[in-house]
Amino acid sequence: MLKEIRPAIALTILFTVMLGIIYPLGMTRLAQTIFPHQAEGSLILRNGTVIGSGIIGQAFARSDYFHGRPSATTGTDEKGGMIALPDNAANSMGSNLGPTNKALIERIRSDVERMKAENPGMAVPVDLVTTSASGLDPDITPAAALFQVPRVAKARNLDPARLQALVGQFTRPRTLGIIGEPSVNVLQLNMALDAATAKMAR
């Protein structure tokens with residue numbers, strides 16, 4: 001019996017070492033060598049301090065910043081209960097609510113009305129009122145960024161045309177011209193907005 005079990009035990013140990021230790025460490029080292037920025041989390045620095053990641057959204061609530069997509073991620077409070085915690089990178093998830101769910105319909109309807117009040121007469125981009133599957137989407141469409149220009153321009157006392165140009169500057173085209181859709185990274189756009197505002201204040 002031991003004769004039959006010994007090869008199974010040996011193979012289990014061998015494949016555990018190969019596929020559980022050597023392969024992951026090797027791939028991690030290879031990724032750090034070929035794509036060091038991405039392998040380290042696509043971190044974004046300002047004055048040497050990490051302020052976020054280019055691939056994980058952040059919740060911007062102030063009126064003088066561009067806002068990202070709504071996020072359905074959750075967290076826990078001090079008592080262990082579940083609470084809404086937008087852009088919680090430790091708990092990537094969508095709402096899992098179907099398109100006929102009343103709570104989802106009411107939430108989107110409320111958000112649409114709020115957006116219409118913010119920018120009357122302009123169609124509300126769908127990504128400003130719907131969550132992504134991950135809940136951590138760092139990007140919005142150029143239309144969603146342009147929709148917010150009047151609010152941000154008023155809050156910062158900036159020329160809307162200048163903000164529109166800034167959005168255009170930070171709009172990334174489709175990959176290879178055909179893959180995906182044009183997008184704007186919200187964190188990078190807001191960093192550029194801060195820099196432009198500080199430059200004007202000098």
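This is a predicted model, so every value here is computed, not measured.
Judged by distance alone, the side chains of Thr141 and Asp127 do bring a donor and an acceptor atom under 3.5 Å apart.
Each of Asn185, Val186, Leu187, Val184 was checked for a side-chain contact (heavy atoms from CB on, under 4.5 Å) with Pro138, and the lone residue meeting it is Asn185.
Considering only residues two or more places apart in sequence or on other chains, Glu118 meets the salt bridge (Lys or Arg N to Asp or Glu O under 4.0 Å) condition with Arg151. Arg172 pairs by the side-chain hydrogen bond (donor to acceptor under 3.5 Å, both in side chains) definition with Asp139, Ser183, not counting sequence neighbours. Annotation: side-chain hydrogen bond (donor to acceptor under 3.5 Å, both in side chains) contacts of Ser53 (sequence neighbours excluded): none. Listed by chain and residue number, Tyr65 satisfy the ring-ring contact (aromatic ring centres under 6.0 Å, His included) test with Phe60 (two or more places apart in sequence, or in another chain).
Side-chain atoms of Arg69 never come within 3.5 Å of backbone atoms of Gly57 as a donor-acceptor pair (strictly under, hydrogens ignored). The closest donor-acceptor contact from the side chain of Asn47 to the backbone of Thr49 lies at 3.5 Å or more, if one exists at all.
Contact detail for Pro86 and Ala59: the closest heavy-atom pair is CB-CB, 4.4 Å. Residue Ile140 comes nearest to Gln148 through the heavy atom pair CD1-NE2, 3.7 Å, listed as atom of the first residue, atom of the second, then distance.
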List the atom pairs, donor and acceptor, that lie under 3.5 Å between side-chain atoms in residues 11-25 and the rest of the protein, sequence neighbours left out.
unit_1: Thr12; atom_1: OG1; unit_2: Ala8; atom_2: O; d: 2.8
unit_1: Thr16; atom_1: OG1; unit_2: Thr12; atom_2: O; d: 2.6

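Pairs of residues two or more places apart, or lying in two chains, that qualify as salt bridge (Lys or Arg N to Asp or Glu O under 4.0 Å) and include a residue from residues 46-55 are Arg46-Asp194.
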